[in-house]
Amino acid sequence: MRRFRPLAVVAAPALAAALALSSCSTVSSDAIDVNGTALSRDDFETILTGYSDGVAGSVLPNGTINASIARAVLTDWVTTTLYERQLAADGAEVSDADLATAREELALKAGFAKAGESTQNFYVHASAVRSAFEREYGLRDDELKSLYASGPSASGVYCLRGILVADRTKADEASFRLAAGDEFAKVATELSTDATAKNGGILQNPQTGKACIDQAALASQVGPEFISALAGVGIDQPTTPFEIPNVGWVILVMRPFDEVSKDLRDAVKQPGLDAKHSELLASARVSVRSEYGRWDATRGEVVPA
């Protein structure tokens, strides 16, 4: 299931084709239309301009915005529109609490405060709609918690803290402190030589910035020693120290559910939610202004024309 790209997280290479931020055309037309609901070109380019205000790296040297970012915004607009219509059809709604939570979370993102008001409102609305959609069609909190408690073999997801030290002596010191009742985050902050020490050893998915990593993504990033050690990892149950040659000694632990529930929901597979998402995108009638790209129904996103 495609996830919304929060402000300042979009990472796309510079493309030869870029989208100008100029709205000086005298021709009034829509940037995109989905099932009869349209986003005007002016409104779309206002969102893009606000995005460039918040994320300096989104603007290329020639003064135009990266075209892949424009397509991502259009795709998120399509998904938001489809989600909101489905929620309304089923008698569900996006609550004031959803909107408030979305704004609070996005306010923590780098660049959000500098973005234009229309851009901020767009992302707040999209994030709140997604939360309501996931609540309505995804796993309930108790189901998600039970799945996580069953372990990574059931959930397919790891939400980890780690401690990296140079030698076995330091590893034994860390292990002893954990066994004596010290909090893992405290020991990681004080002993770990890894960059994650500053956040208590939380390991993040480098692609998404989230604190939960699916098995496939993790396997592509770590060596066999790491994978073998994970076979015995448990929630709040640190692994025995293990060595990664030429790296150091490592201790891992799965974080408690209450710490990771939001990131876990983004990472875990939810068949019912994914099926509803795919159903909506497959049946959508989408038309895109050609200068911005075209709709790919198979991929469910706006792609280069």
Visitor: Quick check: do W295 and S287 have side-chain heavy atoms less than 4.5 Å from each other?
Guide: no

Visitor: Hydrophobic cluster membership, with links at side-chain heavy-atom distances under 4.5 Å among I/L/V/M/F/W/Y: are V187 and L203 in one?
Guide: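 Hydrophobic grouping puts V187 apart from L203.
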
Visitor: Say you draw a straight line from CD1 of I69 to CD1 of I47; how long is it, rounded to the nearest 0.5 Å?
Guide: 13.5 Å

Visitor: Within the 4.5 Å heavy-atom criterion, are K186 and R177 side-chain neighbours or not?
Guide: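 Yes, close enough: below the 4.5 Å cut-off.
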
Visitor: Which of parallel (below 30°), tilted (30 to 60°) and perpendicular (above 60°) describes Y83 and H277?
Guide: perpendicular

Visitor: So for atom CD, which belongs to E225, do other residues, nucleotides or ligands contribute more than 12 heavy atoms lying within a distance under 6.0 Å?
Guide: yes

Visitor: Tell me, do T37 and W77 make a side-chain contact under 4.5 Å, heavy atoms counted?
Guide: yes

Visitor: Going by heavy atoms in the side chains, are W249 and I163 under 4.5 Å from each other?
Guide: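 No, every pair of side-chain atoms sits at 4.5 Å or beyond.
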
Visitor: Taking R130 first and then D266, would you say they form a salt bridge - that is, a charged N and a carboxylate O separated by under 4.0 Å?
Guide: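 Yes, this pair counts.
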
Visitor: Does Q120 reach the main-chain N or O of A115 with its side chain, forming a donor-acceptor pair under 3.5 Å?
Guide: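 Side chain of Q120 to backbone of A115: a pair is present.
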
Visitor: Without swapping roles, check the side chain of Q270 against the backbone of R265 for a donor-acceptor pair under 3.5 Å.
Guide: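 Answer holds: yes.
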
Visitor: Do the side chains of Q204 and K210 get nearer than 4.5 Å, heavy atoms only?
Guide: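 No, side chains not in contact.
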
Visitor: Looking at N199 and G201, would you say the former's side chain and the latter's main chain have a donor-acceptor pair under 3.5 Å?
Guide: yes

Visitor: Do you know which of V288, V78, L74 makes side-chain contact (heavy atoms from CB on, under 4.5 Å) with V34?
Guide: V78

Visitor: Can you find a side-chain donor-acceptor pair between N66 and S68 that sits under 3.5 Å?
Guide: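 Yes, because at least one side-chain N or O of N66 sits under 3.5 Å from a partner of the opposite role on S68.
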
Visitor: If every non-hydrogen atom of V94 is compared with every non-hydrogen atom of A132, which pair is closest and at what distance?
Guide: CG2-CB, 4.1 Å

Visitor: Do Y292 and F44 have ring centres separated by under 6.0 Å?
Guide: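 Distance test on ring centres: under 6.0 Å, yes.
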
Visitor: Evaluate whether atom CG of D96 has more than 12 neighbouring non-hydrogen atoms of other residues, nucleotides or ligands under 6.0 angstrom away.
Guide: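 Not more than 12 within 6.0 Å, no.
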
Visitor: Counting only N and O atoms by type, is there a donor-acceptor contact under 3.5 Å from the side chain of D194 to the main-chain atoms of A197?
Guide: no

Visitor: With a 4.5 Å limit on heavy-atom distance, are the side chains of L139 and L273 in contact?
Guide: no

Visitor: To the nearest 0.5 Å, what is the distance between CD (E173) and CD (E190)?
Guide: 9.5 Å

Visitor: Quick test of your reading: applying ring pair (Phe, Tyr, Trp, His ring centres under 6.0 Å), list the pairs with at least one residue in residues 136-159, sequence neighbours left out, ordered by first then second residue.
Guide: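 Listed by first then second residue: F133-Y137.
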
Visitor: Working to the nearest 0.5 Å, report the span between CG of L164 and CD1 of I251.
Guide: 10.0 Å

Visitor: Does S52 reach the main-chain N or O of T49 with its side chain, forming a donor-acceptor pair under 3.5 Å?
Guide: yes

Visitor: Donor-acceptor pair, distance only, cut-off 3.5 Å: does the side chain of S127 make one with the backbone of A102?
Guide: no

Visitor: Donor-acceptor pair, Q221 side chain versus A217 backbone, under 3.5 Å?
Guide: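 The answer is yes, because a donor-acceptor pair under 3.5 Å joins these two groups.
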
Visitor: Between SG of C212 and CG of L218, what distance do you get to the nearest 0.5 Å?
Guide: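 Between C212 SG and L218 CG, I get 11.5 Å after rounding to 0.5 Å.
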
Visitor: Any carboxylate oxygen within less than 4.0 angstrom of a Lys/Arg side-chain nitrogen, looking at K114 and D53?
Guide: no

Visitor: How far apart are the closest heavy atoms of S153 and S150, and which atoms are they?
Guide: OG-O, 4.2 Å

Visitor: Do V124 and L99 come within less than 4.5 Å of each other through their side chains, counting heavy atoms only?
Guide: yes

Visitor: Regarding R103 and N121, do their side chains bring together a donor and an acceptor under 3.5 Å, going by distance alone?
Guide: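 A pair is found: one side chain offers a donor N or O, the other an acceptor, under 3.5 Å apart.
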
Visitor: Please check: side-chain N/O of T189 versus main-chain N/O of A185, any donor-acceptor pairing under 3.5 Å?
Guide: yes

Visitor: Considering only NZ, NE, NH1 and NH2 on the basic side and carboxylate oxygens on the acidic side, decide whether K262 and E105 come within less than 4.0 Å.
Guide: yes

Visitor: Mark yes or no for whether D263, through its side chain, and A211, through its backbone, hold a donor-acceptor pair below 3.5 Å.
Guide: yes

Visitor: Do L108 and L106 make a side-chain contact, defined as non-hydrogen atoms from C-beta onward lying under 4.5 Å apart?
Guide: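 Side-chain contact under 4.5 Å: no.
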
Visitor: Applying salt bridge (charged side-chain N to carboxylate O under 4.0 Å, His left out), can you list everything that pairs with D214, at least two apart in sequence or on another chain?
Guide: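 Applying salt bridge (charged side-chain N to carboxylate O under 4.0 Å, His left out) to D214 gives none.
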
Visitor: If two hydrophobic side chains count as joined below 4.5 Å and joins carry through other members, does V250 share a cluster with I235?
Guide: yes

Visitor: Decide, yes or no, whether a salt bridge links D236 with R255 under the criterion of side-chain N to carboxylate O below 4.0 Å.
Guide: no

Visitor: Can you name the closest pair of heavy atoms from G50 and T119 and give their distance?
Guide: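 Nearest pair, atom of G50 first, then T119: CA-OG1, 3.1 Å.
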
Visitor: Answer yes when K145 and D141 have at least one side-chain N-carboxylate O distance shorter than 4.0 Å, and no when they do not.
Guide: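 No.
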
Visitor: Should L178 and V233 be regarded as members of a common hydrophobic cluster, given that ILVMFWY residues are connected when their side-chain heavy atoms come within less than 4.5 Å of each other, either directly or indirectly?
Guide: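 L178 and V233: separate clusters.
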
Visitor: Charged N to carboxylate O below 4.0 Å: is that the case for E259 and R161?
Guide: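 So E259 pairs with R161 through a salt bridge.
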
Visitor: For G162 and A188, which heavy atoms make the closest approach, and how far apart are they?
Guide: O-CB, 4.0 Å

Visitor: Is it the case that one hydrophobic cluster holds both V260 and M254, taking links as side-chain heavy atoms less than 4.5 Å apart, direct or via other members?
Guide: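 Yes.
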
Visitor: Rounded to the nearest 0.5 Å, how far does CG of L48 lie from OG of S58?
Guide: 8.5 Å

Visitor: Could you grab the distance from atom CD of E243 to atom CZ of R168, nearest 0.5 Å is fine?
Guide: 9.0 Å

Visitor: Mind checking whether L230 and V247 sit in one hydrophobic cluster, side chains of I, L, V, M, F, W, Y counted as touching below 4.5 Å?
Guide: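 Yes, because L230 and V247 connect within a single hydrophobic cluster, where side-chain heavy atoms sit under 4.5 Å apart.
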
Visitor: Any donor-acceptor pair under 3.5 Å linking the side chain of S118 with the backbone of T46?
Guide: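 Absent.
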
